[in-house]
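Every number for a ligand or one of its atoms is a count from 1 in the order of the listing. Predicted model only: the values in this text are computed from it and were never measured.
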Amino acid sequence: MNKICVLTSGGDSPGMNAAIRAVVRSAEYYNMQVMGVERGYQGLMENKFRPLKSIDVANIIHLGGTILRSARSDEFRTADGREKAVQSLKRHKIQGLVVIGGDGSFNGAKSLSEMGIATVGIPGTIDNDLPYTEYTLGFDTACNTIIDAINKVRDTMESHERVMILEVMGRHCGDLALHAGVAGGAQAILVPEVPISTKKLVDIIIKGRDFGRRSFLMVVAEGVSGGAEGVKQEIKELGDFSVRTIILGHIQRGGSPSTVDRILATRFGYHAVSLLKNGQTNRIVGIKRNKIFDIDIVEGLSQKKIFDTELYEIGSL
Ligand code: ATP
């Protein structure tokens with residue numbers, strides 16, 4: 001294999017640029033040519049390729065977002081769209097594809113591999129919702145962004161003796177809320193995986209006040225029914241509390257990647273290119289116990305995400 005391409009797809013995450021850089025530099029090391037595809041699968045269908053050399057990825061390791069840009073493409077979900085993408089790859093004589101994205105993007109990669117395209121996936125999503133890997137690219141940076149917000153909001157909630165409900169991303173997966181909630185010292189963590197009653201939340205406030213606590217932080221994943229606003233209404237129905245909500249939103253997706261994410265991106269990128277170099281395809285890379293590994297794309301996607309109940313319980317003590 002001597003010519004490959006790389007694309008970023010779905011929601012962007014900090015560290016995608018560092019991964020693109022690692023793919024390009026690793027490919028050069030193996031004497032392989034790299035093309036960058038703009039705007040994910042949409043660009044693949046529209047023939048939006050550009051050559052990438054080391055110099056093109058210089059000074060991007062610290063940048064959030066993605067220099068290749070990202071997109072969601074409905075056309076690519078159709079058989080005609082995917083056929084267009086395959087023709088584009090053939091026209092450019094590309095022998096392997098590195099997809100950096102989340103589970104949707106990996107499903108796209110799986111479809112391409114079924115059409116004979118050699119694909120490898122790098123998990124790039126802040127949600128940490130991929131079942132086969134302990135961490136995804138961007139998760140650590142997003143946690144740090146949330147912690148930064150918590151540190152600031154703590155000042156004002158303490159001054160005004162308030163209950164602050166902070167909503168973070170995670171529609172089906174509560175990992176961001178869990179990790180940021182534990183690291184941020186939240187009094188309650190609400191995630192889609194573990195139901196919690198409003199009475200229990202109110203008890204936390206009442207008991208806390210009894211021993212002198214003035215303010216309360218509750219971190220809520222967006223996938224919890226009603227989100228932060230719903231939780232606020234329910235708490236207010238049970239007592240006269242001063243409650244405020246904050247929805248962090250897309251701030252969590254941006255920013256310069258953390259050291260952890262830059263190193264993860266560098267290791268993922270090298271591993272992905274090495275797989276293609278060795279003719280191993282239709283694989284997705286991940287990390288477990290600080291070891292980079294790869295797994296068949298179908299097998300990896302079919303696993304069930306396991307929520308860290310131990311951390312949840314320790315964090316709720
Ligand atoms: P995140 O969830 O972190 O935002 P993601 O990669 O899961 O990232 P999606 O929007 O789900 O983001 O998927 C990105 C793109 O992948 C879609 O716009 C679509 O073009 C393609 N895709 C998703 N699912 C499939 C599928 N089942 N078959 C083919 N292509 C798909």
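- To the nearest 0.5 Å, the span separating CZ on Arg77 from CZ on Arg72 amounts to 9.0 Å.
- Among protein residues, Ser9, Gly10, Gly11, Tyr41, Arg72, Ser73, Phe76, Arg77, Arg82, Gly102, Asp103, Gly104, Ser105, Asn107, Gly108, Ser111, Thr125 come within 4.0 Å of ligand 1, judged on heavy atoms.
- Taking the six-membered ring for Trp and thresholds of 30 and 60 degrees, Phe76 and Tyr41 have nearly parallel ring planes, at less than 30 degrees apart.
- Counted within 6.0 Å of CZ on Phe241, heavy atoms from surrounding residues, nucleotides or ligands total more than 12; the atom is thus considered enclosed.
- For the pair Ile205/Arg209, a side-chain contact is recorded, criterion being any heavy-atom separation below 4.5 Å from C-beta on.
- Residues Ile100 and Ile20 are in side-chain contact: their nearest non-hydrogen atoms beyond the backbone lie under 4.5 Å apart.
- Taking 4.0 Å as the cut-off between side-chain N and carboxylate O, Lys84 and Asp80 do not count as a salt-bridged pair.
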